[in-house]
Amino acid sequence: MGTAVAVPTPAFADFGGDPGGGTPTPWSIESHVTLTMHDNGTGADAKHLVSSGAWDPPACWYEPEYSPEQFDAAFQALLQSLSGASGGADAQKQYDALKQDHDFHRGENGAWWVMVKSKKSWDLPNTTPCTQSPGVQWVPAGNPPAGMLAVTPQMLSKIAYGATKLPSPTVKLSPDAGRQTVNLPTFISFDQPLQPVSVTASLDYAGFSIAASTLAVPVALNVDAGTDDASPRSCTYEFTQSGGGYQVDSSSSSCNITYTRSSRGGTYPLTGRVTWRVTWTPSKDPHAAPANPLPNGLTDSTPQNVVVKEIQTTVTG
C-alpha cells in the first residue's frame with residue numbers, strides 16, 4: 001500500500017463547493033467528479049427522480065487530488081495556516097519526513113489521493129456515516145490498493161443516479177378535465193412524447209479516468225382518478241416508441257377510467273405517475289453495453305382538477 005499521511009483534510013464532494021460555502025482552505029478539497037446532463041433532463045419542470053428502491057449512494061470515497069509537486073505546495077500552504085497554532089509542530093514533522101524519505105514521490109508515476117464526503121454525509125453524519133479515515137495517501141499508477149474505498153464506475157453510477165432529473169409528465173385528457181361526463185370513458189395521451197434522460201458522472205484527473213452513465217427510459221404510466229367513484233379507479237399503460245420518444249394513447253386500451261358519479265360542484269384530483277427503467281454503463285456513453293440495472297425512477301404529474309357532470313336529457317311525449 002502507498003504512503004499514507006494522516007493530516008487534517010476536510011473534503012466536500014459537492015462537485016464545485018465547500019462545506020461552509022465560503023472560500024476553500026488549502027485542505028477543503030472539492031471532488032473532481034463532474035456531472036453531465038444529456039437529453040431532456042434539464043427542463044424547467046424537471047425534478048429529481050424518486051427511487052422505487054434502495055440505491056445506496058456512497059457516503060465518502062478516495063479519489064486522486066495532487067501530483068507530487070501540488071501536494072508539496074499544498075502542504076506548505078497548510079503549514080503557513082497553522083503557524084503558531086495547535087498541531088502546527090506535528091504537521092511540520094510530517095512534512096519534513098515526507099520531504100526526506102520520498103520527496104513527495106517526485107518523478108514517480110501516480111498521484112496523492114484524498115478522501116471526499118458526499119454533501120449528505122456532511123449534512124447528516126449520523127444517518128449517512130462515513131467509515132473511512134480522512135487523510136492523504138500516495139497511490140502508484142494502476143489499480144488503487146486493497147482496503148481503500150476508491151472511486152469506481154459503480155460508485156459513479158450511483159452519483160449519476162442521484163443527480164438524475166426527470167420531466168414532470170403532462171397528461172392530456174379527452175374529454176378535457178373541465179368536460180368529463182358520468183359513465184363515459186376518459187382517454188389518456190401526451191401532447192409530446194417523453195424522451196429518454198441520461199446523466200454521466202466522470203473523473204478525469206491526475207492521469208486517472210473513469211466514468212459511468214445512467215439512462216432512464218419511460219416504461220409505464222399509472223393514472224389515478226382521485227376518487228372511488230370511478231370504475232376502474234386507476235389504469236396502467238405501457239409506453240410505446242414514437243419516433244425518438246415514448247408515448248401513451250389509451251383510446252384503444254381495454255382500461256380507461258370512467259367516472260360513475262358527478263363531482264357535485266367540486267372536482268376530482270386526477271394524477272399520473274410515470275415509471276422509468278434506469279440502467280447504467282461503465283462509460284461516458286449511456287447507450288453502451290453492458291446495461292446494468294438500477295432501481296426504477298418515478299415521477300408524478302401535477303394533479304388535474306376534473307369536473308364530472310351528469311348527462312342531462314329531456315323526454316317529451
Using the side-chain hydrogen bond (donor to acceptor under 3.5 Å, both in side chains) rule, take Ser283 and Asp285 through it: C-alpha gap first, then chi angles, then the decisive distance, then the call. CA-CA 5 Å; Ser283 71; Asp285 180 4; 5.5 Å; no
Tell me which one of Thr164, Thr200, Ile159 satisfies side chain to side chain contact (heavy atoms under 4.5 Å, CB included) with Leu35. Ile159
Phe208 vs Trp113 aromatic rings, parallel, tilted or perpendicular, using cut-offs 30° and 60°? perpendicular
For the pair Asn296 and Thr275, evaluate side-chain hydrogen bond (donor to acceptor under 3.5 Å, both in side chains) and give the outcome as yes or no after the intermediate values. CA-CA 7 Å; Asn296 287 340; Thr275 298; 5.8 Å; no
Verify the cluster assignment for Leu82 and Leu98: are they in a single hydrophobic cluster under the rule of side-chain heavy atoms below 4.5 Å apart? yes
CA sep, side-chain torsions, deciding dist, call: Ser234, Asp224, side-chain hydrogen bond (donor to acceptor under 3.5 Å, both in side chains): CA-CA 4 Å; Ser234 68; Asp224 187 284; 5.0 Å; no
Taking the six-membered ring for Trp, are Phe75 and Phe71 parallel (under 30°), tilted (30 to 60°) or perpendicular (over 60°)? tilted
Test item: Tyr161 side-chain N/O and Ser51 main-chain N/O as donor-acceptor pair under 3.5 Å: no
Test side chain to side chain contact (heavy atoms under 4.5 Å, CB included) applied to Pro64 and Val114, Leu203, Val139, the passing residue: Leu203
Test side-chain hydrogen bond (donor to acceptor under 3.5 Å, both in side chains) on Ser301 and Thr271; report intermediate values, then the result. CA-CA 6 Å; Ser301 68; Thr271 57; 5.7 Å; no
Testing Tyr246, Tyr237, Phe239 one by one against Phe190 for a ring-ring contact (aromatic ring centres under 6.0 Å, His included), which residue passes? Phe239
Under the side chain to side chain contact (heavy atoms under 4.5 Å, CB included) criterion, do Met37 and Val199 qualify, and how do the steps go? CA-CA 5 Å; Met37 313 295 176; Val199 177; 3.6 Å; yes
Gln70 atom CD, over 12 foreign heavy atoms within 6.0 Å: yes
